[in-house]
Amino acid sequence: MINITFPDGAIKSYESGVTGLDIAQSISHKLAKEVVSVKVDDQVWDAHRPIVKDAKIQLFTFDDREGKDAFWHSSAHIMAEALEFFYPGIKLGIGPTVENGFYYDVDLPEGATLTDADFKKIEDKILELSRQNNPFIRTEVSKEQALKTFTDKGDEYKLELIKDLEDGTITFYQQGQFTDLCRGPHIPNTAYIKAAKILNIAGAYWRGNEKNKQLTRVYGITFPKQKMLSEYLEQLEEAKKRDHRKLGKELDLFTFSSRVGMGLPMWMPRGAQLRERLENFLKKVQKDFGYLPVITPHIGNKDLYVTSGHYAKYGADSFQAIHTPQEGEEYLLKPMNCPHHCEIFKARPRSYKDLPIRFAEFGTVYRYEQSGELHGLTRVRGFTQDDAHIFCRPDQLKEEFLKVMDIVLYIFRVLKFEDFSTQISLRDKDDRSKYIGSEENWEKAESAIVEAVNEKGIEAVAEYGEAAFYGPKLDFMVKDALGRKWQLGTIQVDYNLPERFELEYKGADNSMHRPVMIHRAPFGSMERFVAVLIEHTAGKFPLWLTPEQCVVLPISEKYNEYAKKVSNLLENYDIRSFVDERNEKIGKKIRDNELMRIPYLIIVGEKEENDQTIAVRKQGEGDLGVMSAESFAKMVQEEIDKVLVFNQI
RNA sequence: GCCGAUGUAGCUCAGUUGGUCAGAGCAGCUGAUUUGUAAUCAGCAGGCCGUGGGUUCGACUCCCUCCAUCGGCUCCA
């Protein structure tokens with residue numbers, strides 16, 4: 001007998017060799033049907049793998065992340081089995097789970113193609129194989145055995161994977177006629193899978209390296225219930241409705257033109273107003289934090305970027321140099337504001353008493369992003385950073401860093417970005433050649449960020465290889481409607497540029513010292529921030545930000561004059577208002593303005609004109625009843641004040 | 001940049017095996033209507049069927065080039 005400890009601390013005895021499934025069965029029949037994997041001490045196991053010694057266990061169903069992982073990973077194996085059926089000779093790369101579903105990277109046989117048209121038959125095959133109710137059988141194999149199996153199969157990708165594994169840790173899983181190298185865990189048998197959908201296909205480089213062969217990545221998702229699949233697909237459709245590219249068009253916020261150039265967004269009046277309001281909001285916050293505005297040109301002499309190191313790093317892959325009538329003279333579109341700001345710092349002698357100096361600029365920069373990378377407003381070739389550079393003494397670094405974090409967190413709070421993650425972006429562990437600057441400076445910069453994060457007590461994940469080439473960063477990541485992660489706010493510690501630009505200040509000891517720089521952008525870029533804001537709010541912007549706060553709708557043209565009077569009155573109360581004078585029925589006007597996400601609709605007709613009142617309707621909520629323009633104005637102001645309290649920083 | 005898909009009116013989409021197939025709804029314009037909380041009616045106008053080439057008696061439809069967009073990969077100062 002062995003002792004099994006449950007998550008609540010309860011301990012029960014079972015026969016040695018008991019499985020997670022058996023244990024679930026001993027609790028309830030329903031649970032036994034749903035359990036797909038089990039955590040045994042620190043490892044997640046197959047629910048059907050015998051446990052032979054005392055252990056702490058936790059049972060997982062599809063509702064748990066661990067359960068989904070086992071479920072989808074098993075599904076990837078079945079999909080691979082299906083693909084082998086349709087494409088004999090197919091070679092398999094890796095087939096992991098992702099947040100929603102799984103994929104398998106495959107190398108199709110010479111001449112074979114896989115397109116959307118093939119999805120249906122693959123889905124059907126997956127379900128057919130699932131119905132065979134094949135168990136997932138785990139076997140431990142020696143490295144030699146493993147190598148032989150895949151040498152015989154002629155799968156060089158698996159061989160490459162096995163070569164990196166340690167003998168004695170290698171396991172195979174088999175279901176039906178299909179065997180795969182796999183660590184597991186897997187679901188007990190294939191019949192758990194009741195619904196399957198191939199989502200899309202894409203090219204993916206083997207092991208993520210551009211120099212390697214590009215394999216075909218097949219994305220799919222499966223569920224234990226048909227209904228869950230249809231719900232998931234519906235949810236996807238809903239998410240697509242929030243896509244900022246779609247809403248940007250519908251709400252007249254921004255546009256692109258291939259004539260202007262790809263990845264070069266143009267802000268339309270409503271979008272420009274929204275952006276301007278965001279900028280003014282941040283300007284006010286920054287003013288309170290002691291930032292000083294600066295303005296720099298859109299181009300800079302090539303030498304500027306040679307000095308900064310940007311030219312060596314990105315010169316070849318950037319917009320190419322602008323030439324002048326002067327032989328040999330070259331200018332570049334600025335890809336960064338920092339070199340300019342460094343030159344402003346250098347413009348006159350600085351004393352330790354002046355520091356910290358904080359230069360802020362909404363600086364528009366141009367970067368030649370790869371064509372396949374462009375994506376609405378989130379990835380563009382011309383964008384405006386809410387940039388600032390703080391030049392401080394080393395002893396001021398931590399305090400300044402913390403203050404910047406306060407700004408970012410305040411902004412996220414005001415805009416209700418609650419679901420963000422924080423990432424410490426560090427150097428690549430293996431490849432240091434991508435970075436400039438001394439080991440010592442990097443270590444100082446990296447530890448400064450880690451210390452600041454610890455002090456602030458926020459949770460952050462360290463990501464290696466994500467640092468900028470001149471320094472580590474603290475990045476604030478937010479997801480879009482479809483769950484893609486984007487970096488918004490960023491704070492970077494930089495010892496390198498001050499060195500390259502030979503920045504100095506006179507210390508109290510009357511000798512020259514080198515300042516430390518903090519690069520920071522709470523929004524990141526106006527374009528990307530607005531994109532994410534659109535997706536988070538589905539276009540229903542906060543009242544203080546939205547281009548028009550209310551629209552006055554006359555019941556008929558007879559009340560246009562009164563409507564204009566009301567609108568003017570509201571404008572006098574600093575409420576952004578306009579009149580919908582179209583000769584349409586009130587229902588139509590309400591519909592159109594609701595679709596434009598105007599927060600308040602003011603309806604005026606005979607009654608209102610006689611009583612000198614307005615009927616207020618709130619977007620998404622409906623009729624709020626009749627009131628005076630004054631009390632409406634007060635209501636709006638209060639709603640805004642609730643959100644925009646600057647002293648709550 | 002790479003893999004795959006898509007590209008018909010301002011928007012959303014129809015268009016059968018290549019042969020009166022250039023269509024609809026919304027938006028726009030004109031007129032009627034003067035409207036009470038999510039689409040009033042009628043008429044009109046609107047398209048090098050992304051671009052350039054090719055196959056064919058004939059191409060929106062088949063093939064190729066390029067451009068742009070979408071989903072990924074790689075990249076992201």
Side-chain angles (χ1 to χ4, degrees), chain A residues 98 103 105 108 113-117 199-219 240 243 245-246 249-250 255-259 261-263 305 308-315 317-318 334-339 365-376 378-381 385 387 425 434-436 466-471 473 482 484 486-487 490 492 494 497 519 525 528 553-560 583-595 601-608 615-620 622-625:
Chain A
V98 287
Y103 65 78
D105 283 346
L108 293 169
T113 57
L114 174 52
T115 71
D116 307 21
L199 295 170
N200 48 48
I201 48 174
Y205 301 105
W206 170 238
R207 303 204 128 179
N209 188 333
E210 215 175 349
K211 293 185 183 72
N212 288 341
K213 180 165 183 183
Q214 192 162 49
L215 307 180
T216 303
R217 177 166 297 178
V218 187
Y219 283 90
K240 280 183 191 157
D243 191 314
R245 292 165 298 190
K246 185 175 157 64
K249 202 180 280 183
E250 286 172 8
T255 189
F256 287 91
S257 150
S258 57
R259 266 225 171 85
M262 56 157 91
Y305 306 104
S308 71
H310 290 99
Y311 189 80
K313 181 82 183 167
Y314 296 104
D317 301 316
S318 294
K334 81 172 161 189
M336 284 290 277
N337 303 301
C338 36
V365 296
Y366 298 90
R367 299 175 183 175
Y368 190 77
E369 304 291 2
Q370 294 182 31
S371 61
E373 262 313 322
L374 301 175
H375 183 99
T378 48
R379 196 77 189 273
V380 286
R381 284 177 170 174
Q385 296 178 310
D387 212 358
S425 301
K434 298 189 273 189
Y435 308 98
I436 59 166
E466 294 294 314
F469 75 98
Y470 52 77
K473 315 187 281 174
L482 285 171
R484 291 176 288 224
W486 296 98
Q487 176 210 303
T490 180
Q492 316 177 357
D494 185 1
L497 279 191
H519 308 239
S525 87
R528 182 176 290 177
L553 312 179
I555 293 286
S556 83
E557 286 179 327
K558 284 195 274 187
Y559 310 105
N560 279 2
N583 178 12
E584 296 287 353
K585 296 183 81 162
I586 195 69
K588 168 76 167 166
K589 290 192 206 181
I590 287 170
R591 179 183 155 79
D592 289 349
N593 287 292
E594 286 268 350
L595 288 175
L601 312 189
I602 308 294
I603 293 143
V604 294
E606 188 182 356
K607 272 184 290 188
E608 288 75 15
V616 178
R617 181 190 163 103
K618 189 166 188 175
Q619 125 86 23
D623 200 351
L624 297 187

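Chain letters run A, B, ... following the sequence lines, proteins first, then strands; residues in each count from 1.
Closest approach to the A/Ala615 side chain among B/C75, B/G36, B/G72 is made by B/G36 (side chain taken as heavy atoms from C-beta onward). Of the listed nucleotides (B/G72, B/U69, B/U37), B/U69 has the atom at the smallest distance from the side chain of A/Met262. Minimum atom distance to the side chain of A/Ile586 is reached by B/U37, of the listed B/G72, B/A77, B/U37. Distances were taken from every side-chain heavy atom of A/Lys588 (C-beta onward) to each of B/A38, B/C70, B/C26; the shortest belongs to B/C26. Out of B/A77, B/A68, B/G1, the shortest distance to the side chain of A/Ser258 is found at B/A68. For A/Ser371, taking side-chain heavy atoms from C-beta onward, the closest of the listed nucleotides B/G1, B/G36, B/U69 is B/G1.
The base of B/A38 lies close enough to the side chain of A/Arg617 for a donor and an acceptor atom to sit less than 3.5 Å apart. Remark: the A/Gln214 side chain and the B/C2 base include a donor-acceptor N/O pair separated by less than 3.5 Å. For A/Arg379 against B/C76, a side-chain N or O and a base N or O form a donor-acceptor pair under 3.5 Å. Counting atom types as modelled, A/Glu369 pairs no side-chain N or O with a base atom of B/G1 as donor and acceptor under 3.5 Å. Put simply, the side chain of A/Tyr205 and the base of B/G1 share a donor and an acceptor less than 3.5 Å apart. Interface remark: the A/Arg367 side chain does not form any donor-acceptor pair with the B/C75 base, using a distance-only criterion of under 3.5 Å.
A/Gly372 comes within 4.0 angstrom of a base, heavy atoms only. Using a 4.0 Å heavy-atom distance criterion, A/Ser318 is classed as a base contact. Backbone-only engagement by A/Ala204 is indicated by non-hydrogen atom pairs under 4.0 Å involving sugar-phosphate atoms exclusively. Residue A/Lys589 is out of contact with every strand shown, counting any heavy-atom pair closer than 4.0 Å. Among the protein residues, A/Lys585 comes within range of the nucleic acid bases, having at least one heavy atom under 4.0 Å from a base atom. A/Glu608 comes within 4.0 angstrom of a base, heavy atoms only. At a threshold of 4.0 angstrom between heavy atoms, the contacts of A/Glu606 include nucleobase atoms, whether or not backbone atoms are also involved. Within 4.0 Å of A/Gly208, counting heavy atoms only, lie sugar-phosphate atoms of the nucleic acid but no base atom. At the heavy-atom level, A/His375 lies under 4.0 Å from the strands shown only through sugar-phosphate atoms. Using a 4.0 Å heavy-atom cutoff across all strands shown, A/Ile590 reaches at least one base atom of the nucleic acid.
Rounded to a whole angstrom, the distance from the C1' atom of B/C21 to that of B/A9 is 15 Å. Here the separation of B/G71 from B/C48, taken at their P atoms, is 28 Å to the nearest Å. Across B/U55 and B/U61, the matching P atoms stand 15 Å from one another, rounded to whole Å. The separation of B/A59 from B/C3, taken at their P atoms, amounts to 31 Å, rounded to a whole angstrom. One P atom belongs to B/C26, the other to B/A22, and the distance between them is 23 Å to the nearest Å. With C1' as the reference atom, B/G58 and B/U20 are 13 Å apart, rounded to whole Å. Using C1' as the reference atom, B/C66 and B/G25 are 33 Å apart when rounded to the nearest Å. Using C1' as the reference atom, B/U56 and B/C73 are 40 Å apart when rounded to the nearest Å.
Atoms NZ (A/Lys313) and C1' (B/A77) sit 9 Å apart, rounded to a whole Å. One interatomic measurement links the two molecules: OH of A/Tyr103 to C1' of B/C3, which rounds to 15 Å at whole-angstrom precision. Going from atom CD of A/Glu584 over to atom P of B/G31 covers 14 Å, rounded to whole Å. In this structure, OH of A/Tyr305 is placed 16 Å from P of B/A77, rounded to the nearest angstrom. Distance A/Gln492 CD to B/A77 P: 8 Å, rounded to the nearest Å. For the pair A/Arg591 CZ and B/A38 C1', the interatomic distance rounds to 6 Å; values are reported in whole Å. As rounded to whole Å, 17 Å separates atom P of B/C2 from atom CG of A/Leu215. As a whole-Å value, the separation of A/Phe256 CZ from B/C67 P is 19 Å.
To the nearest 0.5 Å, atoms NZ (A/Lys334) and OG (A/Ser308) are separated by 12.5 Å. Interatomic distance, A/Lys607 NZ to A/Ile555 CD1, rounded to the nearest 0.5 Å: 8.0 Å.
An OP1 or OP2 oxygen of B/G71 is reached within less than 4.0 angstrom by a side-chain nitrogen or oxygen of A/Arg245. The phosphate of B/G72 (OP1 or OP2) has a side-chain N or O of A/Arg484 nearer than 4.0 angstrom. Contact between the side-chain N/O atoms of A/Tyr470 and the OP1/OP2 oxygens of B/A77 is not found at any separation under 4.0 Å.
The partner of B/G7 is B/C67, judged by Watson-Crick or G-U wobble contacts that both fall below 3.5 Å. In this structure B/A77 sits in no base pair that meets the Watson-Crick or G-U test at under 3.5 Å. Base pairing annotation: B/C2 forms a Watson-Crick or G-U wobble pair with B/G72, both donor-acceptor distances under 3.5 Å. Under the Watson-Crick and G-U wobble criteria, each requiring two contacts below 3.5 Å, nucleotide B/A42 is paired to B/U30. In this entry B/G58 has no Watson-Crick or G-U wobble partner, no candidate having both defining distances under 3.5 Å. The partner of B/G18 is absent, by the rule that a Watson-Crick or G-U pair needs both atom distances under 3.5 Å. When both pairing distances are held under 3.5 Å, B/A24 makes a Watson-Crick or G-U pair with B/U12. Base-pair partner of B/C48: not found among the strands shown (Watson-Crick or G-U wobble, both distances under 3.5 Å).
Under a 4.0 Å N-O distance rule, the pair A/Lys558/A/Glu606 does not qualify as a salt bridge.
Taking 4.5 Å as the limit, every side-chain heavy atom of A/His519 sits out of range of all side-chain heavy atoms of A/Lys473. In this structure, A/Val604 and A/Leu553 have side chains that are not in contact, with every pair of non-hydrogen atoms separated by 4.5 Å or more. At a threshold of 4.5 Å between non-hydrogen side-chain atoms, the residues A/Thr113 and A/Leu108 do not count as touching. A/Lys211 has its side chain out of reach of A/Tyr205: every pair of non-hydrogen atoms, C-beta onward, lies at least 4.5 Å apart. Residues A/Phe256 and A/Arg245 have side chains not in contact (no heavy-atom distance under 4.5 Å, counting atoms from C-beta outward). Contact check for A/Ile603 versus A/Asp623: no side-chain heavy atoms found under the 4.5 Å cut-off.
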Show me the protein contacts with nucleotides 5-13 of chain B, counting only N or O atoms at under 3.5 Å.
none

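Without hydrogens or angle criteria, A/Lys313 side chain to A/Lys434 main chain gives a donor-acceptor distance under 3.5 Å. Within the 3.5 Å criterion, the main-chain N or O of A/Leu601 finds no donor-acceptor partner in the side chain of A/Gln619.
Between the side-chain ring of A/Phe469 and the base of B/A77, no stacking contact exists by the 5.5 Å and 30° definition.
Geometric assessment of A/Arg381 against the ring of A/Tyr368 yields a positive cation-pi assignment under the 6.0 Å and 45° thresholds.
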